[in-house]
Structures are given as structure tokens and as C-alpha cells.
Amino acid sequence: VKVKIPFGNKYLDAIFSVPEKKSTYGVILTHGAGGDMNFPHLLSLAAYLATHGVLCLRFTCKGLNVAYRTKAFKTVVEYLKLSDDYKLSGVFLAGRSMGSRAAASLIHQLSQDDDDDNFIQGLICLSYPLHRPKLQSKLRDEDLLSIRCPVLFVSGSADEMCEKQFLEDVASKMKAPRKIHWIDKANHGMAVKGRTTDDVMEEINAQVFSWLRENVELEHK
């Protein structure tokens, strides 16, 4: 279902992937610095979630400024929260690369507000860009360290923007419940020599879904 979400004096293009049965939880998903919501990895994950009963709303926001992307993400969260068509108990924010930075930044911002109502249940970071290539001295970890909701990282063990040791160090300092799933030998774009994109995406999608299930079940025990 295609929708246009008002954002300032513009609109954000977005698409709902709707499961057959009514969904209690949803995932809001966005892309990295390049591309848009039809990036193959996002299409694959959205379709997988919907067939497994999780509503997925993915959106496009062009713009290389994290603050701008964060603002757009917030608009989409509010849109879904007020939606009459899809009444959800909560959502997970998910992004690829820069999109995951925007998601983390938004969760950090909202946790500073007094009216945090637990609508946001967790964060999914696909290829989180922890540092620029070869610039490990400047880590983009401040938002991650302040987050308290569950976080899943799916990263390639050969990602030039997220060295394994650095992400593991950051994770060990985080207050939030967190899990890292390493895709063996994958780079920042999740490409692995000798494996097809579909094969890698199957691994990623299954990881994301099983983590979602663990966290939603935890909430309702």
C-alpha cells in the first residue's frame, strides 16, 4: 500500500507491506545514504516480515544530513502511531547504514522527552556505520550508549565502516539489551564472495525476525 506522508511542505514516499492477519507490532524501515526504500535488501526484509505476520512500513528520505533524516523518521513514527488503518501496540525502528544512525538518533531524542510512552520497542541496525573507513578514532557511538530499548546489530565481519572489535567494545558499554549477528566475510553492502545476495538476505531476514519474536514475547510473558 503506497502512502505519502506529509513532512514540512513536502511528502515522504512510503510503502506498507501488510500481513494477512492483523499485526500487533510493526517495523519502520529506511535506507542508507544512497538509494531509496526500494533498495533490494529493504524489499527483501519487508516482504519477509509481512509474510511472517509483522507489518512493515518503509520510506524514502533523500538527504545526507543525519539531523534531517532523524526528523523525517520522527514524522513517520508519528504518522504510524496516529494511523487508524493500522493500530499497533508498538514499533521497532530499523535502518540500513545511515538509516540506522537516524533511527538511533531518534530513539536517543525521544528518550530525553518526558512523554516517552514505550511505543518504540527496539532498534534494528543493519550495517551500522560506526566510523568512516579507516577513521576508527571517531566513533559514532554516543546515541547507542544512551539507548535503553533492545538493539540488534547485523553487520558484516569485513565491514570497512564497522570494525568488529570496535562494535563489540561499544556493545559492551551499552546499557540496552543488545545482540550482534555477524555475517561472515560480508562488507558494508553485505556482499560476500561466493554467496548470492538472496542467500545472505535469507540469513539476515531470519535473524531479524527471530530477534523480533524474542523481544515481543519478552514483553508479554
_Validation row: Glu163, Asp169 side chains within 4.5 angstrom (heavy atoms)_ = no

*Which value, rounded to the nearest 0.5 Å, describes the distance between Gln207 atom CD and Ile180 atom CD1?*
12.5 Å

_Check this for me: does any side-chain nitrogen of one of Asp13 and Lys4 sit under 4.0 Å from a carboxylate oxygen of the other?_
yes

_Nearest 0.5 angstrom please: Met37 CE to Leu12 CG, how far?_
10.0 Å

_Ring-plane angle category for His52 and Tyr48, please: parallel below 30°, perpendicular beyond 60°, tilted otherwise._
parallel

*Heavy-atom closest pair, residues Ala104 and Leu144*: CB-CD2, 4.2 Å

*Report whether Tyr11 and Phe16 are members of the same hydrophobic cluster (ILVMFWY, side-chain heavy atoms less than 4.5 Å apart, transitive linking).*
no

_Path from Ile124 to Met201 over hydrophobic side-chain contacts below 4.5 Å_ = yes

*Please determine, by modelled atom types, if His31 and Thr60 share a side-chain donor-acceptor pair under 3.5 angstrom.*
no

*Mind checking whether Thr197 and Met190 have side chains closer than 4.5 Å, heavy atoms only?*
no

*Does any N or O in the side chain of Lys81 come within less than 3.5 Å of the main-chain N or O of Gly90, such that one atom is a donor and the other an acceptor?*
no

*So do Met98 and Val66 actually touch side chain to side chain, heavy atoms under 4.5 Å?*
yes

_Same cluster or not: Val154 versus Leu43, using hydrophobic residues (I, L, V, M, F, W, Y) connected whenever any side-chain heavy atoms lie under 4.5 Å apart?_
no

*Path from Phe39 to Ile15 over hydrophobic side-chain contacts below 4.5 Å*: no

_I'd like to know whether NZ of Lys179 has more than 12 heavy-atom contacts from other residues, nucleotides or ligands below 6.0 angstrom._
yes

*Per the side chain to side chain contact (heavy atoms under 4.5 Å, CB included) rule, which among Ile204, Thr51, Val27, Val54 passes with Phe209?*
Val54

*asked:* In the structure I gave you, are the side-chain heavy atoms of Asn215 and Gln121 within less than 4.5 Å of one another anywhere?
replied: no

*Please lay out, stage by stage, how Phe73 and Tyr68 fare under the test ring pair (Phe, Tyr, Trp, His ring centres under 6.0 Å).*
CA-CA 9 Å; Phe73 218 131; Tyr68 177 77; over 10 Å; no

*Any chance you could lay out the side-chain contact (heavy atoms from CB on, under 4.5 Å) test for Leu126 and Leu45, step after step, and finish with the verdict?*
CA-CA 11 Å; Leu126 307 173; Leu45 180 57; 4.0 Å; yes

*Would you mind reporting whether Asp143 and Ile107 have side-chain heavy atoms less than 4.5 Å apart?*
no

*asked:* Assigning hydrophobic clusters by single linkage (Ile, Leu, Val, Met, Phe, Trp, Tyr; side-chain heavy-atom cutoff under 4.5 Å), is Val3 placed with Leu82?
replied: no

*Short side-chain donor-acceptor distance under 3.5 Å, His181 and Glu203*: yes

*To the nearest 0.5 Å, how far apart are SG in Cys162 and CZ in Arg140?*
10.5 Å

_Using only atom types and a distance under 3.5 Å, with no angle test, would you say the side chain of Ser23 pairs donor to acceptor with the backbone of Leu55?_
yes

_Stepwise ring pair (Phe, Tyr, Trp, His ring centres under 6.0 Å) check, Phe92 with Trp211_ = CA-CA 11 Å; Phe92 290 83; Trp211 179 83; 5.7 Å; yes

*asked:* When you compare the side chain of Pro19 with that of Cys56, does any pair of heavy atoms fall below 4.5 Å?
replied: no

